[in-house]
Amino acid sequence: MSLINNIDEITLGVRFSKSFRVMDISGEIIDDVLYSKGSPLFKKYENLDRRGAAIILNNKSIDQDYFKITPSDIILNVLVDDDFHKKFSWIKEKIMPYLKKDLFTSFNIRNIMRIGIVFSHKVPGISELGNLVSVFTNGHIDKANNVNFIFSKKYDARVYLYRDDSTDYKNCIYSFTQLEDGYKVSLDYQYFFNPMMEDLRQCFGETILRDARNFLEKDFYEWVEKYVKE
């Protein structure tokens, strides 16, 4: 099976040095996101629900499209309904340029620490995941409920470096969570800037997203697809 067809959410996050000034102007930032003609979200959604420093762009029970501001993050979450390629291209070609050329520049949001993207999948089942509990408990628990398995891997910066004279690195978080009707399988691909980048326009945003998708399809799927039940 092609796991890319099971992606149900994409989450883009840009982390910067904590700034409570950002929260003070969060209303202005949200107005720009919603009403600036340069915003990819301008008139894209109807019946928006503003909740403090967040916008609920749609409301489908628990699952939601949203744009959120925290003292150290700008986060966009979008649902995927059999249109992953379209949604990913929109994030890479419209959202990222808008963030770096307009939003972060206009509101002087600086000191970028990390760009990350999460690809979340809904799958019927994962073989061997339950066996991990049995092995770990030496057979005392053979059938566990609510299995939640998470691990991370920091990758060699020399391989993934985009700039000289830095110790940037890539970190990936892998998570497998049991649901009532299947499993949530996620890859959280993160690129860390060390030292921080002052300006988002210098942060290779589109390149990071391109490489994240390549890693998803050529590395992550190479091993995880063996365990996904159709």
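Throughout, numbering of the chain's residues begins at 1 and tracks the sequence.
Considering every non-hydrogen atom in both Phe88 and Ile117, the closest pair reads CE1-CD1, 3.9 Å. Across Arg163 and Phe193, no two heavy atoms sit closer than the pair NH2-CB, 3.6 Å. Across all non-hydrogen atoms, the minimal contact from Gln202 to Met197 is O-CE, 2.8 Å.
Salt bridge absent: Arg114 and Asp168 never bring a charged side-chain N and a carboxylate O closer than 4.0 Å. Here Asp73 pairs with Arg15 in a salt bridge; the nearest charged N to carboxylate O distance falls below 4.0 Å. By the 4.0 Å N-to-carboxylate-O rule, Asp211 lies too far from Lys170 to be salt-bridged with it. We find that Lys229 and Glu128 are not joined by a salt bridge, their nearest charged nitrogen and carboxylate oxygen being 4.0 Å or further apart.
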Evaluate side chain to side chain contact (heavy atoms under 4.5 Å, CB included) for Met96 paired with Leu209, printing each intermediate quantity in order.
CA-CA 9 Å; Met96 181 56 71; Leu209 297 185; 4.2 Å; yes
Step-by-step side chain to side chain contact (heavy atoms under 4.5 Å, CB included) determination, Ile56 to Phe67:
CA-CA 7 Å; Ile56 305 303; Phe67 183 91; over 6 Å; no
Start with the C-alpha gap between Leu12 and Ile95, add the side-chain angles, then the distance that decides, and say whether side chain to side chain contact (heavy atoms under 4.5 Å, CB included) holds.
CA-CA 9 Å; Leu12 173 69; Ile95 294 294; 3.8 Å; yes
Show, in sequence, the C-alpha distance, side-chain angles and deciding distance for Ile112 and Asp199, and conclude whether the side chain to side chain contact (heavy atoms under 4.5 Å, CB included) test is met.
CA-CA 7 Å; Ile112 312 303; Asp199 194 318; over 6 Å; no
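Listed by first and then second residue, the side chain to side chain donor-acceptor pair (under 3.5 Å) pairs involving residues 92-103 are Asp32-Tyr98, Lys100-Glu206 (not counting sequence neighbours).
With hydrogens and angles disregarded, a donor-acceptor distance shorter than 3.5 Å links the side chain of Asn6 to the backbone of Lys122. Between the side chain of Glu225 and the main chain of Leu3, a donor-acceptor pair closer than 3.5 Å is present. Asp83 places a side-chain N or O within donor-acceptor distance of the main-chain N or O of Asp81, the cut-off being under 3.5 Å.
Between Leu216 and Tyr221, the closest side-chain pair of non-hydrogen atoms falls below 4.5 Å. The side-chain heavy atoms of Lys68 and Ile74, taken from C-beta on, include no pair separated by under 4.5 Å. Two residues are said to be in side-chain contact when any heavy atoms from C-beta on lie closer than 4.5 Å; Asp8 and Ser120 meet this criterion. A 4.5 Å side-chain heavy-atom check between Ile69 and Ile30 finds at least one atom pair inside the cut-off. Within the 4.5 Å cutoff, side-chain heavy atoms of Tyr155 are placed close to those of Phe215. Gln64 has its side chain out of reach of Asn77: every pair of non-hydrogen atoms, C-beta onward, lies at least 4.5 Å apart. Within the 4.5 Å cutoff, no side-chain heavy atoms of Tyr66 are placed close to those of Leu76. Residues Glu9 and Lys184 meet the side-chain proximity criterion, which asks for heavy atoms closer than 4.5 Å.
Separation of atoms CG (Leu200) and CG (Leu103) is listed at 9.5 Å; rounding is to 0.5 Å. Atom CG of Asp188 sits about 8.5 Å away from atom OG1 of Thr11, to the nearest 0.5 Å. Atom CG in Leu99 sits 11.5 Å away from atom SG in Cys203 (nearest 0.5 Å). Put simply, OG on Ser26 and CZ on Arg50 are 8.5 Å apart, with the number rounded to the nearest 0.5 Å. Atoms CD1 and CD1, from Ile115 and Ile208 in turn, are 4.0 Å apart once rounded to the nearest 0.5 Å. To the nearest 0.5 angstrom, Lys86 atom NZ is 13.0 Å from Ile91 atom CD1.
Linking ILVMFWY side-chain heavy atoms closer than 4.5 Å, directly or via other members, places Tyr183 and Val228 in a single hydrophobic cluster. Val14 and Met196 fall into different hydrophobic clusters, where Ile, Leu, Val, Met, Phe, Trp and Tyr are joined by side-chain heavy atoms under 4.5 Å apart, directly or via other members. In terms of hydrophobic clustering, with Ile, Leu, Val, Met, Phe, Trp and Tyr side chains grouped at heavy-atom distances under 4.5 Å, Ile173 and Val185 are assigned to different clusters. Cluster membership for Val118 and Ile10, using ILVMFWY side-chain heavy atoms within less than 4.5 angstrom, is not shared. Linking Ile, Leu, Val, Met, Phe, Trp and Tyr residues whenever their side-chain heavy atoms come within less than 4.5 Å leaves Leu179 and Phe149 in two separate clusters.
Within a 6.0 Å sphere centred on CG of Leu132, heavy atoms belonging to other residues, nucleotides or ligands number more than 12. Counted within 6.0 Å of CZ on Phe20, heavy atoms from surrounding residues, nucleotides or ligands total 12 or fewer; the atom is thus considered open. For CZ of Phe136, the number of neighbouring non-hydrogen atoms (other residues, nucleotides, ligands) closer than 6.0 Å is 12 at most. No more than 12 heavy atoms of other residues, nucleotides or ligands shown are found within 6.0 angstrom of CE on Met113. Taking a 6.0 Å sphere around CG of Asn5, one finds it holds more than 12 heavy atoms contributed by other residues, nucleotides or ligands.
The six-membered or imidazole ring of Phe119 lies away from that of Tyr189, with a centre-to-centre distance of 6.0 Å or more. Note: Phe176 and Tyr174 fail the aromatic proximity criterion, with ring centroids not under 6.0 Å apart.
Using bins of under 30°, 30° to 60° and over 60° for the plane-to-plane angle, the ring pair Trp223/Phe220 lands in the perpendicular bin.
A side-chain donor from one of Asn171 and Gln190 sits under 3.5 Å from a side-chain acceptor of the other.
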